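Just passing along the structure, written as structure tokens.
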Number of protein chains: 2
Amino acid sequence: MSKADEVLTEITSLLKSNKIKITPQRLLIAEALIKLGHPTISEIYRYAAERSPLIGLATVYRTIHLFKKFGLIGELTKMRGRTRFEVRNSLHMNVECIFCGNITDIHSPLLKRALSSLKREGVKVIDCEVLIKSVCDNCHKKIKIARSLKSVI
Amino acid sequence: MSKADEVLTEITSLLKSNKIKITPQRLLIAEALIKLGHPTISEIYRYAAERSPLIGLATVYRTIHLFKKFGLIGELTKMRGRTRFEVRNSLHMNVECIFCGNITDIHSPLLKRALSSLKREGVKVIDCEVLIKSVCDNCHKKIKIARSLKSVI
DNA sequence: CTGTTTGCAAAAAATTTGCATGTTC
DNA sequence: GAACATGCAAATTTTTTGCAAACAG
């Protein structure tokens with residue numbers, strides 16, 4: 001059983017345990033989220049429509065809201081203002097290339113510790129989204145960076 | 001000179017050093033960002049329009065894009081899908097109450113260390129946005145939390 | 001002066017909603 | 001069978017753009 005299938009099974013049982021009805025559309029959208037990684041609404045829609053042409057855009061919106069409401073997915077903001085979503089699994093950082101827009105995940109023990117420390121101070125941490133703006137290796141090679149990339153860090 | 005005025009002066013000189021023209025509208029929008037903390041576009045617009053009724057919504061959008069392009073502000077995503085902006089100052093975490101939507105800033109040495117560690121591994125970190133979902137003290141007191149707030153952390 | 005920026009209005013894009021029909025449990 | 005989910009189309013909201021007039025440097 002592949003990792004993606006595992007997550008899909010997990011989502012299915014999460015839906016069941018929350019008494020949310022299982023429909024082909026919901027499974028397809030969950031699948032899109034898993035397979036595509038950090039898709040926008042329209043990327044999810046495209047993925048779903050290729051496999052099940054009758055699906056409506058409104059269903060994608062409604063399903064995404066539903067999943068968010070039940071904490072199944074998180075929301076990221078990308079440079080050009082489009083919202084991207086991802087399945088909430090373990091705590092990680094999203095690293096986005098500011099040139100090509102690619103997003104990859106990085107796990108960091110220090111981030112875990114930072115949150116544990118917050119919890120000890122009394123902050124009721126429920127979830128955490130981290131978006132790091134960066135330049136991926138590919139783009140770094142290709143692009144002569146003209147303007148200075150002033151880092152605030 | 002208040003902290004807000006300091007930041008405003010800093011923004012002004014940042015604009016100048018980037019050869020961006022200083023206009024009353026841009027200063028007003030910068031002021032709104034500083035005073036309001038983590039405003040949405042329409043909150044900025046309302047703030048500005050109260051002080052200078054002729055200002056156009058398009059100007060707010062254009063100015064926000066401009067500020068973003070020059071790295072002056074960062075973008076956060078809030079629960080209900082509306083985008084909020086903040087002046088990029090020092091590295092910090094945004095803690096958002098999932099009930100009232102309030103956002104506060106928290107500084108964390110461990111987060112700094114997590115990023116330094118990434119840099120040592122070769123990731124070209126330019127910026128970092130952290131959004132922690134939480135429940136603020138006020139809401140925690142007021143609300144009997146019915147559904148379980150499963151934390152992924 | 002020259003090139004930029006602005007406000008307005010109109011256009012485009014993104015998101016939400018109403019409702020009849022079809023589906024899940 | 002009851003309650004809920006879906007697709008469609010229309011409504012709403014958000015964001016972008018074209019352009020003449022105003023403004024900053």
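These numbers come from a predicted model, not from an experiment. We name chains A, B, ... by the order of the sequence lines, and we start the count at 1 in each one.
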When rounded to the nearest 0.5 angstrom, what distance separates CG in Leu8(B) from OG in Ser13(B)?
10.0 Å
Within the 4.0 Å heavy-atom criterion, would you say Leu57(B) contacts the bases, only the backbone, or no part of the nucleic acid?
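Counting heavy atoms under 4.0 Å across all strands, the contact made by Leu57(B) includes a base.
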Whole-Å distance separating the CD1 atom of Ile44(B) from the C1' atom of dT14(D)
14 Å
Axis-to-axis angle across the helix from dC1(C)-dG25(D) to dC25(C)-dG1(D), five pairs an end, to 10 degrees?
60°
Check whether the side chains of Glu86(A) and His92(A) place a donor and an acceptor atom closer than 3.5 Å, and report yes or no.
yes
Between Asp105(A) and His38(A), do the side chains contain an N or O donor and an N or O acceptor separated by less than 3.5 Å?
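Yes, His38(A) and Asp105(A) have a side-chain donor paired with an acceptor closer than 3.5 Å.
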Test side chain to side chain contact (heavy atoms under 4.5 Å, CB included) on Phe70(B) and Leu15(B) and set out the steps.
CA-CA 9 Å; Phe70(B) 284 90; Leu15(B) 292 179; over 6 Å; no
Single-linkage hydrophobic cluster, 4.5 Å side-chain cutoff, Ile106(A) and Met93(B) together
yes
Between Ala58(B) and Ile20(B), the residue closer to the 5' end of DNA chain D by nearest nucleotide is Ala58(B)
Looking at dG7(C), I'd like to know if its phosphate oxygens (OP1 or OP2) sit under 4.0 Å from a side-chain N or O belonging to Thr59(B).
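The answer is yes; a side-chain N or O of Thr59(B) sits under 4.0 Å from OP1 or OP2.
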So, OP1 or OP2 of dT16(C): does either fall under 4.0 Å of a side-chain N or O from His65(A)?
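For dT16(C), OP1/OP2 do have a side-chain N/O of His65(A) under 4.0 Å.
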Rounded to whole Å, please give me the gap between CG in Leu15(B) and P in dA24(D).
14 Å
Spacing of Lys68(B) atom NZ relative to dT15(D) atom C1', expressed in whole Å
13 Å
Between CD1 of Ile55(A) and C1' of dG22(C) the distance, given in whole Å, is 15 Å
Side-chain N or O of Tyr61(B) closer than 4.0 Å to phosphate OP1/OP2 of dT15(D):
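For dT15(D), OP1 or OP2 has a side-chain N or O of Tyr61(B) closer than 4.0 Å.
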Please name the pair of heavy atoms, one in Leu66(B) and one in Ile20(B), separated by the smallest distance, quoted to 0.1 Å.
CD2-CG2, 3.6 Å
Tell me whether the side-chain N/O atoms of Thr23(B) come closer than 4.0 Å to OP1 or OP2 in dT4(C).
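For Thr23(B), the contact criterion (side-chain N or O under 4.0 Å from OP1 or OP2 of dT4(C)) is not met.
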Taking only Lys NZ, Arg NE, NH1 and NH2, and the carboxylate oxygens of Asp or Glu, determine whether Arg84(B) and Glu43(B) approach each other closer than 4.0 Å.
yes
Between P on dT16(C) and NZ on Lys69(A), what's the gap in Å once rounded to a whole number?
14 Å
Below the 4.0 Å mark, does dT16(C) have OP1 or OP2 next to a side-chain nitrogen or oxygen of Arg62(A)?
no
Would you kindly give the CD1-to-C1' distance between Ile29(A) and dG7(D), to the nearest whole Å?
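Roughly 12 Å, once rounded to whole Å.
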Would you say dC23(D) has OP1 or OP2 under 4.0 Å from some side-chain N or O of Gln25(B)?
no
Please report, rounded to the nearest Å, how far the P atom of dT5(C) is from the CG atom of Leu28(B).
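Leu28(B) atom CG is separated from dT5(C) atom P by 17 Å.
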Nearest-nucleotide 5' precedence on DNA chain C, Leu54(B) against Lys21(B)
Lys21(B)
Whole angstrom is fine here: how far is it from CG in Leu66(A) over to P in dT16(C)?
13 Å
